[in-house]
Amino acid sequence: MKSIFIASVAFLAMTSFATAEEPSMADKAGAQMQKAGDATKDAMNKAGDKSKEMYKDAEVTTKKAARSTKRTAKKSMNRAEEAVCMDGDMKCAAKKAGNRAEEAKDATVDAAKDASDTMKK
């Protein structure tokens, strides 16, 4: 009887040590869910970074288009004024040269702003 008792105690001790070393199914499932949650967070962060990048690209493109449109409108106004200029050849030529210089300056400033916006994104 003593030997059966000792054998059963030894068996219980061995099985308790064996189960203590291996994680339970719940622990395994919890670890897998944690990994899945981490992977989801990583994917969302990457997607968020791409969204921010796309937003900045769109913002820079919009600014460039707005500057270009403004320059084009100003240029059209200058050409219309030059076409109807009746102040004399010298005054009209001076006005025309002044308009061209202003347009060149505006284009240079806008190009610098475009480069700056592109570098910031």
Side-chain angles (χ1 to χ4, degrees):
M1 192 74 167
K2 257 185 175 182
S3 61
I4 294 174
F5 178 72
I6 291 174
S8 62
V9 169
F11 177 75
L12 286 174
M14 288 173 59
T15 56
S16 66
F17 286 130
T19 56
E21 290 176 10
E22 286 186 32
S24 69
M25 292 294 276
D27 292 339
K28 288 180 183 177
Q32 286 179 344
M33 289 187 69
Q34 181 67 35
K35 286 181 186 177
D38 292 342
T40 302
K41 285 179 186 176
D42 290 343
M44 289 176 69
N45 286 337
K46 287 179 185 176
D49 291 343
K50 287 187 180 186
S51 295
K52 289 176 189 173
E53 205 172 296
M54 288 173 36
Y55 173 77
K56 289 195 180 228
D57 286 344
E59 185 179 25
V60 168
T61 303
T62 303
K63 284 182 179 181
K64 286 181 182 181
R67 290 183 191 119
S68 177
T69 303
K70 185 177 177 182
R71 272 195 329 270
T72 302
K74 205 173 202 183
K75 184 177 177 180
S76 297
M77 290 294 293
N78 288 341
R79 297 299 180 276
E81 287 175 5
E82 292 165 6
V84 295
C85 181
M86 303 230 178
D87 294 337
D89 289 341
M90 291 301 286
K91 285 186 178 181
C92 289
K95 191 180 251 187
K96 186 176 183 178
N99 288 342
R100 298 296 185 282
E102 186 179 348
E103 290 167 8
K105 179 196 73 122
D106 289 344
T108 304
V109 169
D110 288 348
K113 287 180 180 178
D114 291 345
S116 174
D117 287 345
T118 303
M119 296 298 288
K120 287 180 184 177
K121 73 171 190 168

Crowding at CG, Asp87 (>12 non-hydrogen neighbours, <6.0 Å): yes

Check: Ser116 side chain, Ala112 main-chain N or O, donor-acceptor pair, under 3.5 Å: no

Short side-chain to backbone donor-acceptor contact, Ser68 and Lys64, under 3.5 Å: no

From Lys70 atom NZ to Thr72 atom OG1, the distance as rounded to the nearest 0.5 Å: 12.5 Å

Distance in Å, Lys75 NZ paired with Arg100 CZ, rounded so as to fall on 0.5 Å steps: 8.0 Å

Shortest non-hydrogen contact between Arg67 and Asp114, atoms and distance: NH1-OD1, 2.6 Å

Nearest atoms (heavy-atom pairs only) where Asp117 meets Lys63: OD2-CD, 3.4 Å

From CG (Asp106) to CD (Glu103), nearest 0.5 Å: 8.0 Å

Arg71 CZ to Asn78 CG distance, which is reported to the nearest 0.5 Å: 13.0 Å

Heavy-atom closest pair, residues Met86 and Cys92: N-SG, 4.1 Å

